[in-house]
Amino acid sequence: MHTLHRLINSVAMASLFTALSACAQTPAAPAAKANIVVLATGGTIAGAGASAANSATYQAAKVPVEKLIAGVPELADLANVRGAQVFQIASESFTNEKLVTLGKRVAALAKDPGVDGIVITHGTDTLEETSFFLTLVVRTDKPIVVVGSMRPGTAMSADGTLNLYDAVAVAADKSSRGKGALIVMNDDILSGRDAGKRINIKTNAFSSQWGALGSVVEGKTYWFRAPVKRHTMASEFDIEKIDTLPMVAIVYGSGEMGTFAAEAAGKAGAKAIIHAGTGNGSVPNYGVDTLKALRAQGVHIIRSARVQDGFVLRNSEQPDDKYDWVVAHDLNPQKAKILAALALTKTRDTKELQRIFWEY
Ligand code: DAS
């Protein structure tokens with residue numbers, strides 16, 4: 001009997017060992033690929049020029065999303081990718097209505113359990129406004145990546161194909177979750193909040209004064225910091241509760257700027273004026289009374305700066321407390337315009353507006 005037990009045990013042990021070693025040798029099933037949707041809106045990334053030498057003279061918004069995706073077959077190595085054409089326009093023609101439409105489309109996709117990330121192909125001219133808008137209004141921690149290009153696909157050394165590949169790689173990577181809307185351009189992963197187009201003719205056009213969040217190389221993401229300002233899931237703004245945006249004007253500061261631009265903005269019905277002041281958001285002495293009068297009519301005055309870097313300090317150059325004005329902190333005029341429009345859908349109170357500019 002004892003011998004029989006030992007035989008049964010050794011057979012059992014041998015089959016257990018065989019099973020375990022088979023498991024050890026069987027490669028783990030490859031992780032399921034992320035499902036990524038590319039929403040196309042136009043721009044240079046969809047542009048076409050007459051010849052390969054035309055890197056700057058071309059027509060934007062010509063190539064449909066299916067062709068953009070087909071032009072980068074390597075996308076299939078990264079994710080399951082499908083496309084949809086939302087608009088086909090140059091982004092300087094984006095309107096508030098188009099921003100809201102795009103925001104609602106992104107939010108709807110983000111709620112779809114079959115979608116893991118969203119890439120938006122976009123013209124570079126107002127890409128920074130759209131990326132900030134999306135980070136403020138779409139309640140999701142799924143990656144939202146906005147991408148464009150500085151050269152059309154028909155040009156020598158076109159940057160659109162690699163930018164699109166990089167954007168899909170970032171959107172498909174779980175480590176991109178929870179970082180707000182992102183801009184991917186020229187191998188950089190940038191914050192949708194504070195990155196913008198700072199050069200208008202080179203492929204390294206986009207940057208932020210606070211640096212990149214990370215980099216993407218050969219389809220792999222490398223992170224070095226994360227945003228600290230409120231966004232997406234932590235935002236008080238929700239695109240599902242927004243249908244229109246109030247008019248906000250930007251008045252560009254310069255010597256001898258006169259008061260006509262601010263006056264015209266007030267007459268046109270602007271609910272806020274972003275003063276893109278010289279220096280630290282300075283206002284010329286002959287312009288103060290005009291802005292004070294506009295404030296008295298209910299128009300909010302928000303001091304930003306035409307100077308690219310730094311941030312506007314409250315009560316510097318102007319007594320904001322006394323005049324009941326707001327400062328845009330580090331946001332450039334075009335970003336301040338987006339935040340002001342959204343803030344005004346919630347409040348007309350100056351202190352609340354200033355809180356929003358500190359927090360987002
Ligand atoms: N006109 C520019 C735009 O559509 C082209 C571009 O750079 O994308 O924003």
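In this text the structure is predicted, and so the values were computed from the model without any measurement. Residues: numbered from 1 along the sequence shown. As the structure lists them, so they are numbered: ligands from 1, and atoms in each ligand from 1.
A salt bridge links E359 with R355: at least one charged nitrogen is closer than 4.0 Å to a carboxylate oxygen.
For ligand 1, the polar-atom distance check against T126 finds no nitrogen or oxygen pair separated by under 3.5 Å. Ligand 1 has no N or O atom lying under 3.5 Å from any N or O atom of H122, backbone or side chain.
Other residues, nucleotides and ligands contribute over 12 non-hydrogen atoms within 6.0 Å of the CD atom of Q209.
Of all protein heavy atoms, the one closest to atom 9 (O) of ligand 1 is S91 OG, 2.5 Å. Remark: minimum distance from atom 5 (C) of ligand 1 to any protein heavy atom is reached at T44 OG1, 2.7 Å. Ranking protein heavy atoms by distance to atom 7 (O) of ligand 1, first place goes to T124 OG1, 2.4 Å.
Proximity of the aromatic rings of F132 and Y360 is defined here by a centroid distance below 6.0 angstrom, and this criterion is not met. H275 has its ring centre no less than 6.0 Å from the ring centre of Y252.
Of all atoms in ligand 1, numbered sequentially from 1 with element shown, those under 4.0 Å from a heavy atom of E92 are 1 (N), 2 (C), 3 (C), 4 (O), 9 (O). Applying the 4.0 Å criterion to heavy atoms of G43 picks out, from ligand 1, the atoms 4 (O), 8 (O).
A donor atom on one side chain and an acceptor atom on the other are found under 3.5 Å apart for Y58 and T44.
Test D309, N332, N204 against R198 for side chain to side chain donor-acceptor pair (under 3.5 Å) and you get one pass: D309.
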